[in-house]
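Naming convention: chains lettered A, B, ... in sequence-line order (proteins, then strands); numbering from 1 in each chain.
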2 protein chains.
Amino acid sequence: MTATPRRTQAERREGTIAAIVDAAVAALGEVGYARTTTAEIARRAGVSQGGLFRHFESRLDVIFAAADAVRARQFDDFREGLGALTQFDVAATVRLLRRATRAPINAAWYELLVAARTDAELQARLAPLADRYHREIIEMGRALPIAASMPPDELDTLVIGIVYMLDGEALTASVHVDARQEDARVEQVVRILAGEPAFEGESSAPRQA
Amino acid sequence: MTATPRRTQAERREGTIAAIVDAAVAALGEVGYARTTTAEIARRAGVSQGGLFRHFESRLDVIFAAADAVRARQFDDFREGLGALTQFDVAATVRLLRRATRAPINAAWYELLVAARTDAELQARLAPLADRYHREIIEMGRALPIAASMPPDELDTLVIGIVYMLDGEALTASVHVDARQEDARVEQVVRILAGEPAFEGESSAPRQA
DNA sequence: AGACATAGCGAGTGATCACTCGCTATCTTG
DNA sequence: CAAGATAGCGAGTGATCACTCGCTATGTCT
């Protein structure tokens with residue numbers, strides 16, 4: 001019945017580990033950190049609980065591997081989206097960023113951020129990953145064509161600020177969405193990045209030397 | 001030994017309920033949603049587990065009461081901070097907002113937001129509170145002196161955008177802080193709210209009619 | 001082929017979860 | 001002051017947690 005495909009030990013190992021990590025990422029996104037139990041992960045991965053602990057010493061080790069997978073995948077996905085644009089467009093780029101922050105996989109990242117706040121061990125493991133994430137976002141921003149039109153550190157601050165803003169929007173999205181404001185927000189960001197005032201003032205009397 | 005202060009039933013009830021709600025808020029902030037158990041809340045409130053269930057039908061009811069307490073207290077604190085300013089100052093106001101998002105009590109709100117994403121019951125209870133929170137933030141923004149210098153809906157979008165940005169910053173703070181960027185971010189926000197470009201462009205050639 | 005190593009299994013284990021229940025302590029009402 | 005109501009207690013209860021352990025299944029090495 002069961003045709004055994006004859007895989008090497010390394011292949012079996014690798015495949016099982018990948019299944020467990022994928023399962024953990026999906027579970028974090030779908031049921032949250034607290035309910036991402038070893039039983040839940042094993043069930044989703046099609047592995048027994050004992051089998052899971054053959055490859056990971058603890059639940060935290062699985063979680064950590066999942067966190068790094070999320071970080072890596074988010075960049076792959078975003079760069080893929082950027083590459084699909086026929087030409088650079090600030091509004092489209094901001095919408096890509098929003099799509100990234102709203103992606104199910106990114107919800108897993110938020111779960112980890114929040115859990116890390118009150119879990120010292122997780123915090124210690126996650127901090128280096130978060131630093132790297134932060135660095136990669138900045139690098140990504142500097143690689144954008146718009147980088148030529150403003151000082152690098154001002155761009156860095158703007159890019160991170162925009163990402164933070166979309167993070168806040170994504171977090172609140174589970175209990176409150178305002179589609180009209182979301183569109184308006186993209187337009188404001190576009191104006192800011194274009195070096196224009198953020199709003200169309202009716203009586204814009206510029207003061208301050 | 002124990003001098004009984006002879007309180008009425010209503011006073012006893014009220015006092016116990018307040019202690020439980022306070023304990024829940026503190027627990028959410030200090031140990032997170034998952035570890036804010038009925039035992040933890042009862043211990044902090046100085047009440048037995050059974051005593052807790054005398055006043056609340058379920059853990060979720062306690063959590064809900066805590067959520068509303070957080071929302072109310074955040075506005076009281078913020079308005080108090082605003083009142084303490086000798087005169088209106090955009091930078092100081094943004095820093096007050098940051099202080100609010102970084103306050104321990106606000107961490108409780110983030111815990112609830114994230115938990116609500118994967119908990120349908122909590123989501124249903126929290127959504128009306130979140131709507132109200134959102135509305136009150138907008139009203140607060142419109143009451144600021146700066147409201148006179150730009151169209152109301154543009155201001156709304158900016159204010160919520162800034163709050164979201166500070167939310168994202170606060171969330172990431174447990175694993176990554178960048179004090180220099182945080183200062184720069186306030187300055188950028190001030191420039192944006194003043195109707196100036198967000199950055200000091202070196203070769204600012206304004207295009208677009 | 002036979003000896004050995006690694007992969008995978010699933011029934012435990014003690015701790016902790018939300019919540020219940022029978023009880024006592026305190027207040028209210030006539 | 002007596003009877004009834006409300007407040008508060010803490011030892012259960014079944015479910016679920018991360019993790020262990022003795023076992024079998026499969027791949028590797030000579």
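Summarising the geometry, the separation between CD on A:E14 and C1' on C:dG8 is reported as 17 Å, rounded to the nearest angstrom. Between the CZ atom of B:F56 and the C1' atom of D:dA7 there is a distance of 14 Å, given to the nearest Å. To the nearest angstrom, P of D:dC21 lies 17 Å from CG of A:L52. Between the CZ atom of A:R13 and the C1' atom of D:dT26 there is a distance of 15 Å, rounded to whole Å. The interatomic distance linking A:I41 (CD1) with D:dC17 (C1') rounds to 12 Å, in whole Å. Taking atom CD of residue A:Q9 and atom P of nucleotide D:dA25, one finds them 15 Å apart after rounding to whole Å. Going from atom CZ of B:R43 over to atom P of C:dT16 covers 13 Å, rounded to whole Å. For the pair B:E121 CD and C:dA18 P, the computed distance is 14 Å after rounding to whole Å.
The closest side-chain donor-acceptor pair between A:D156 and B:Q181, if any, does not fall under 3.5 angstrom. Side-chain atoms of A:T38 and A:Q49 include a donor-acceptor pair closer than 3.5 Å.
Among the nucleotides C:dG8, C:dC27, C:dA18, the one closest to the side chain of B:T8 is C:dC27. In this structure, the nucleotide among C:dC9, C:dA18, D:dC19 sitting nearest to the side chain of A:F53 is D:dC19. Comparing D:dT26, D:dA7, C:dC19 by their closest approach to the side chain of A:R12 singles out D:dT26. Taking only side-chain atoms of A:T37, from C-beta outward, the nucleotide of D:dA18, D:dG27, C:dC19 with the closest atom is D:dA18.
Mapping A:A34 and A:A10 onto DNA chain D via the closest heavy atom, the residue that lands nearer the 5' end is A:A34. Residues B:T16 and A:T36 both approach DNA chain D. Their nearest nucleotides, taken by heavy-atom distance, put B:T16 toward the 5′ side. A residue-by-residue look at B:L60 and A:G51 shows that A:G51 has its nearest nucleotide of DNA chain C further toward the 5' end.
A 4.5 Å side-chain heavy-atom check between A:L144 and A:F88 finds at least one atom pair inside the cut-off.
Between the side chain of A:Q49 and the base of C:dC9, no donor-acceptor pair of N or O atoms lies under 3.5 Å.
Phosphate proximity of C:dG10 to A:S48: absent, as no side-chain N or O sits under 4.0 Å from OP1 or OP2. An OP1 or OP2 oxygen of C:dA7 is reached within less than 4.0 angstrom by no side-chain nitrogen or oxygen of A:R54. Residue A:H55 places at least one side-chain N or O closer than 4.0 Å to OP1 or OP2 of C:dG8.
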- Task: Check step by step if side chain to side chain contact (heavy atoms under 4.5 Å, CB included) holds for A:E169 and A:T101.
- Result: CA-CA 9 Å; A:E169 203 186 78; A:T101 56; 5.9 Å; no

- List the steps and the verdict of ring pair (Phe, Tyr, Trp, His ring centres under 6.0 Å) for B:Y164 and A:Y164. CA-CA 7 Å; B:Y164 280 161; A:Y164 280 160; over 10 Å; no

